[in-house]
Visitor: 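First, the structure itself, so that you have it in front of you.
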Amino acid sequence: MPDNLAKKPPSLAEVLRDSRWTCDLSDAELARVEAGIFERTIAAGHFACRKGEPVEHWLGVIDGLVKVSSDLDSGKTATLTGVPPGGWFGEGSMLKTDPRKYDAVALRESRIAYMRRETFQWLIDHSIGFNRFLLLQLNERLGQFIGLLESERLLDIDTRVARCLASLFNPVLYPGLGRRLAISQAELGYLAGVSRQRINRALKVLAEAGCLSVEYGGISIHDLDRLRRFGG
DNA sequence: TCATTAAATTGTT
DNA sequence: AACAATTTAATGA
């Protein structure tokens, strides 16, 4: 275990291979899909996609970290979810013809995959595995948002941070993700909607509870179930 | 390979 | 919000 912690920037092809929705595609089909995707690097603080624009792509996080949020007219911004590497989002918008309803901001420099609408549609028409993935993902997110409702009002900060982290490590939404995630406490603060200092305190509590361990520039999950159930 | 430095992140007030 | 301590990455001898 000397340097398997060394970072290796994943390629688009690797991310596709590891994505659950590509499992029943032939090599030729996978190649077709890959040809319908382009990659773009988004600088920290910049938008991977914006509310109000026509929806032309389904988005995937190859590397980095993205925050999906909704900016209210009041000027306040509500974080809906964070998307770690290996995660795909925006399928809800692809299934409608309305303009996009949410923003996606790169919390740090991130590489984003953009799948064209015609490729997305082709997958729906030809791949049962892709449809199964979409159903699973939509259902999982629905549960996540329902949980977020109680989190917002009923739970203390430590528990909210726990739920936020648990959602990032959701094995259904983000399979390829391992036990460790590179995320700073500041980034986690943006996702959970609390100050970095409060995140620091919450992480100590969660580490004390045996849910995770805090590392420089990231955290490692020890007990995902315990993290999910924390405080409630 | 090692020492130095800058930048990022963390821990605390 | 500010500050000090710690860790990492980059640089060059």
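Each chain gets a letter, A, B and so on, in the order its sequence line appears, and its residues count up from 1.
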Visitor: Taking only N and O in the side chain of A/Asn200, is any of them less than 4.0 Å away from OP1 or OP2 of B/dG11?
Guide: yes
Visitor: In chain order, what residues pass the salt bridge (charged side-chain N to carboxylate O under 4.0 Å, His left out) check against A/Glu140, with sequence neighbours excluded?
Guide: none
Visitor: Pairing donors with acceptors under 3.5 angstrom, does anything connect the side chains of A/Asp103 and A/Ser69?
Guide: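 Not at all, the side chains of A/Asp103 and A/Ser69 share no donor-acceptor pair under 3.5 Å.
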Visitor: Rounding to a whole Å, what distance do you find between A/Ile219:CD1 and B/dG11:C1'?
Guide: 17 Å
Visitor: Checking only heavy atoms, does the side chain of A/Arg201 share a donor-acceptor pair with the base of B/dG11 at less than 3.5 Å?
Guide: no
Visitor: What's the CZ-P distance between A/Arg198 and B/dT10, to the nearest Å?
Guide: 16 Å
Visitor: Can you tell me the distance, in whole Å, between the CD atom of A/Glu208 and the P atom of B/dG11?
Guide: 14 Å
Visitor: Residues in ring pair (Phe, Tyr, Trp, His ring centres under 6.0 Å) with A/Tyr102, at least two apart?
Guide: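 Applying ring pair (Phe, Tyr, Trp, His ring centres under 6.0 Å) to A/Tyr102 gives none.
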Visitor: Which residue pairs pass the ring-ring contact (aromatic ring centres under 6.0 Å, His included) test when at least one of the two sits in residues 194-232 of chain A, sequence neighbours left out?
Guide: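 The answer is none; no pair qualifies.
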Visitor: Starting from A/Met94 and following side-chain heavy-atom contacts under 4.5 Å between hydrophobic residues (I, L, V, M, F, W, Y), which residues can be reached?
Guide: A/Leu12, A/Val15, A/Leu16, A/Trp21, A/Leu25, A/Leu30, A/Val33, A/Ile37, A/Val55, A/Trp58, A/Ile62, A/Trp88, A/Leu95, A/Met115, A/Phe120, A/Trp122, A/Leu123, A/Ile124, A/Phe130, A/Phe133, A/Leu134, A/Leu138
Visitor: I'd like to check the side-chain hydrogen bond (donor to acceptor under 3.5 Å, both in side chains) partners of A/Thr81; sequence neighbours left out, ordered by chain and number.
Guide: A/Gln144
Visitor: Please tabulate the protein-to-nucleotide N/O contacts below 3.5 Å involving nucleotides 7-9 of chain B, giving atom names and distances.
Guide:
from  : atom 1 : to       : atom 2 : distance (Å)
B/dA8 : N3     : A/Tyr216 : OH     : 2.7
B/dT9 : O4'    : A/Tyr216 : OH     : 3.0

